[in-house]
Amino acid sequence: MSRRAALALIVVLPLAVGLPLREKLHYYATHRAREALTTVPTGGAGTLNHASWRLRSIRPVGDRVEVVLEQTALDQEGTIQLQNDYQLRDRSGRRWELDHVSGGDPYEPGERSTRKMRGRVPADVAGQVEFVMLFRPAPPRPGPLPGLRFRR
């Protein structure tokens with residue numbers, strides 16, 4: 001291989017690999033959902049989408065973590081069934097989805113309801129994960145997703 005060919009390979013190869021990777025990373029950064037999380041102190045309540053939310057308990061149950069969440073509708077819009085994302089997160093950013101076990105939305109403003117959810121989490125972080133809920137409006141709105149992070 002000649003010197004010119006080797007020099008061309010040294011210049012062209014990083015560009016051939018780096019430019020597509022840069023484009024993909026830029027696309028990810030501009031299209032991923034950003035979050036605007038409000039931190040709720042331990043035992044406190046947070047307001048999200050016309051409802052007040054309080055974390056009643058979060059505890060390991062077998063190989064899962066169980067979350068009990070209380071919702072109080074603040075007005076008629078707070079009684080509408082919505083698609084929220086319920087997650088458990090650890091400090092390193094890993095996320096686990098929760099499955100609905102029981103409960104649902106309140107029917108009248110001022111009414112409280114309780115819902116129970118469970119998610120499979122590795123045993124080494126089960127006692128440390130925090131509960132996060134995100135509101136995903138339909139149709140999607142521009143801007144970050146509003147949400148609540150409940151401290152333990």
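- A donor-acceptor pair under 3.5 Å links the side-chain atoms of S113 to the main chain of G104, judged by distance alone.
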Atom pairs and distances, donor-acceptor, side-chain atoms in residues 67-75, under 3.5 Å, two or more places apart:
residue : atom : partner : partner atom : Å
E70     : OE1  : R56     : NE           : 3.3
E70     : OE1  : R56     : NH2          : 3.2
E70     : OE2  : R56     : NH2          : 3.2
Q71     : OE1  : R115    : NH2          : 2.7
Q71     : NE2  : G78     : O            : 3.2
D75     : OD1  : H50     : ND1          : 3.4
D75     : OD1  : E77     : N            : 3.1
D75     : OD1  : G78     : N            : 3.2
D75     : OD2  : H50     : ND1          : 2.9

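- Side-chain contact between R64 and D99 is present, with at least one heavy-atom pair separated by less than 4.5 Å.
- A distance of 10.0 Å separates CG in D63 from CZ in R118, rounded to the nearest 0.5 Å.
- Here CE of M133 is found 4.5 Å from OH of Y86. Values are rounded to the nearest 0.5 Å.
- Evaluation of the ring pair (Phe, Tyr, Trp, His ring centres under 6.0 Å) test over residues 115-134, restricted to residues two or more places apart or in two chains, returns F131-F150.
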Open item on the list: Does L145 form a side chain to side chain contact (heavy atoms under 4.5 Å, CB included) with R34? I'd like the steps, not just the answer.
Closed with: CA-CA 6 Å; L145 295 174; R34 295 191 181 2; over 6 Å; no
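- Residues passing the side chain to side chain donor-acceptor pair (under 3.5 Å) test with H100, sequence neighbours excluded: none.
- Here R59 pairs with V61, E66 under the side chain to side chain contact (heavy atoms under 4.5 Å, CB included) rule; sequence neighbours left out.
- For D90, the side chain to side chain contact (heavy atoms under 4.5 Å, CB included) partners at least two apart in sequence or on another chain are S92, R94, W96, V125, V129.
- In terms of the side chain to side chain donor-acceptor pair (under 3.5 Å) criterion, R54 has no residue partners (sequence neighbours excluded).
- Note on R89 versus E35: salt bridge recorded, some NZ/NE/NH1/NH2 to OD/OE distance being below 4.0 Å.
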Open item on the list: Run I58 and V65 through side chain to side chain contact (heavy atoms under 4.5 Å, CB included) and show every step you take.
Closed with: CA-CA 7 Å; I58 179 170; V65 171; 3.7 Å; yes
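- Exactly one of L37, L48, L134, T47 qualifies for a side-chain contact (heavy atoms from CB on, under 4.5 Å) with L148. That residue is L48.
- Taking 4.5 Å as the limit, every side-chain heavy atom of R151 sits out of range of all side-chain heavy atoms of P41.
- For E111, the side chain to side chain contact (heavy atoms under 4.5 Å, CB included) test picks out P106, Y107, E108, with sequence neighbours left out.
- Contacts of P109 classified as side chain to side chain contact (heavy atoms under 4.5 Å, CB included), with partners at least two apart in sequence or in another chain: Q76, T79.
- Classification of R152 and E130 as a salt-bridged pair fails, no side-chain N sitting under 4.0 Å from a carboxylate O.
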